[in-house]
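Accompanying notes for the structure given below.
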2 protein chains.
Amino acid sequence: MLDENSKYKELLNREGIKSTRHRNAILELLEESEFPLTAEQLFITLRDKTASIDLSTVYRTLDTFASKNLIIKSNRADDGKALYELNHNEHKHHLLCVGCHKLISIDDCPIGELMQTLKNKIDFDITGHKLEIYGYCHDCKKFNHTLSSDA
Amino acid sequence: MLDENSKYKELLNREGIKSTRHRNAILELLEESEFPLTAEQLFITLRDKTASIDLSTVYRTLDTFASKNLIIKSNRADDGKALYELNHNEHKHHLLCVGCHKLISIDDCPIGELMQTLKNKIDFDITGHKLEIYGYCHDCKKFNHTLSSDA
DNA sequence: AATGCAAATGCAAGGCAGTTGCAAGTGGCG
DNA sequence: CGCCACTTGCAACTGCCTTGCATTTGCATT
């Protein structure tokens, strides 16, 4: 348990913040997840799995991590809810299933080159970009076909 | 005044909803704007410019329009606030200035072809996509250079 | 033009994601 | 082990948005 708890100690100390049970647990969950999580998802998982935690602690922890650039905060495109993911410094995009809200990662950025080209063409300092692709995943696909009929 | 008020009457009737002062005013504002607006922006403008309107009416009207596909609702990437814009059925992307929140339109979609290619490659029914480019606009550019120093 | 009814609106209360103030608890230093 | 700043839980609060309900309005019909 000690070993487990201090898994991120060094990392956290390096950022000048204390290593605590909650912070370690949150980092661990984010590390395990392939896709961004909401604060609520983290809260519920922690409450069930580990010891009790307050939702405000989840938010505060996430804010702290984000300010240290350990994680990335974004907003889900369809409902605006905040999403958090570990900052692997790797550039990623997702397929968002509008049926079940599932996020599927795309590993390579299909528009990296394009951004480079664009940078030289416009009077705007590009610092980043986000591409989101909507649709229906394998499972929701069939389902959708039986329901939708309008344009 | 009559003429002005009934500018969108036909359009609204076609969708099976009544033409009212508020609905016309909201459509007009959205038509005049080059970029998506928040409900609050609409609310304030209407309150100042036209007659008083309730915020709930703004939201309800926008929801109604969105359900008729007259407008498009989205969520601002950086703070998750809802944005509304007229549905011109034209596909657009934006440059978002993280300095001043300004949105600048890009007229042609740089990744349309790419989506077509992708559609054939993956087990996912693509129905749409959204590309957002972040950075600093002409005005905020200089400002930013004098401030930023960290990685 | 007056009537009637469903749709639209204002108002106030409510809901949900996220934030904040403060007192109590804890990590990690000596 | 004892201290102190940092962290946490708790409860109240904010901001954005939604809903219930009574009133008003568009508009079809007389």
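Predicted, not measured: the structure shown is a model, and the values here were computed from it. Each chain gets a letter, A, B and so on, in the order its sequence line appears, and its residues count up from 1.
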Requested in this report: Answer with base, sugar-phosphate or nothing: what part of the nucleic acid does Leu55(A) contact at a heavy-atom distance below 4.0 Å?
Outcome: nothing
Query raised in the report: In terms of heavy-atom contacts, does CD of Glu32(A) have more than 12 from other residues, nucleotides or ligands at under 6.0 Å?
Result: yes
Check nucleotides 28-30 of chain C against the protein and report each pair of N or O atoms closer than 3.5 Å, with its distance, or say if there are none.
{"from": "dG28(C)", "atom 1": "OP1", "to": "Ser19(A)", "atom 2": "N", "distance (Å)": "3.3"}

Query - Protein-nucleotide distance (Glu15(B), atom CD; dC27(D), atom P), rounded to Å - result: 15 Å
**Report entry** Leu12(B) CG - dA7(C) C1' separation (whole Å)
**Finding:** 13 Å
Report summary line: Applying salt bridge (charged side-chain N to carboxylate O under 4.0 Å, His left out) to Asp48(B) and not counting sequence neighbours gives none
Query raised in the report: By salt bridge (charged side-chain N to carboxylate O under 4.0 Å, His left out), which residues pair with Asp54(B), not counting sequence neighbours?
Result: none
Query raised in the report: Does the His94(A) side chain pair with the main chain of Leu103(A), one donor and one acceptor, at a distance under 3.5 Å?
Result: no
Report task. Could you state the atom-to-atom distance from CG of Leu42(A) to P of dA17(C) in whole Å? Result -> 14 Å
Report summary line: Sorted by chain and number, sequence neighbours left out, side-chain contact (heavy atoms from CB on, under 4.5 Å) with Arg60(A) holds for Ser56(A)
Report task. For Arg21(A) and dG25(C), give me the distance from atom CZ to atom C1', rounded to whole Å. Result -> 11 Å
Report summary line: Glu31(B) meets the salt bridge (charged side-chain N to carboxylate O under 4.0 Å, His left out) criterion, sequence neighbours left out, with none
Query - Distance, rounded to the nearest Å, where Asn24(A) contributes CG and dG27(C) contributes C1' - result: 12 Å
Query raised in the report: Starting at CD of Gln41(A) and ending at C1' of dG18(C), how long is that distance when rounded to a whole Å?
Result: 16 Å
Query raised in the report: Side chain of Asn87(A), backbone of Asn69(A): donor and acceptor closer than 3.5 Å?
Result: yes
What N/O pairs connect the protein and nucleotides 10-16 of chain D at under 3.5 Å? Give each pair on its own line.
{"from": "dC10(D)", "atom 1": "N4", "to": "Ser56(A)", "atom 2": "OG", "distance (Å)": "3.2"}
{"from": "dC10(D)", "atom 1": "N4", "to": "Arg60(A)", "atom 2": "NH2", "distance (Å)": "3.3"}
{"from": "dC16(D)", "atom 1": "OP1", "to": "Lys81(B)", "atom 2": "NZ", "distance (Å)": "3.0"}

Report task. Flag yes if more than 12 heavy atoms outside Lys121(A) fall under 6.0 Å of its NZ atom; otherwise flag no. Result -> no
Query raised in the report: When the distance from CD1 of Ile53(B) to C1' of dC17(D) is rounded to whole Å, what number comes out?
Result: 15 Å
Query raised in the report: Are Asn24(B) and Ser19(B) close enough that a side-chain donor and a side-chain acceptor fall under 3.5 Å?
Result: yes
**Report entry** dC22(C) pairs with, by Watson-Crick or G-U criteria that keep both distances under 3.5 Å
**Finding:** dG9(D)
Query raised in the report: Are any of His22(B)'s side-chain N or O atoms less than 4.0 Å away from OP1 or OP2 of dG10(C)?
Result: yes
Requested in this report: When you get a sec, tell me which of dT19(C), dT18(D), dG10(C) is the closest nucleotide to the side chain of Asp63(A)?
Outcome: dT19(C)
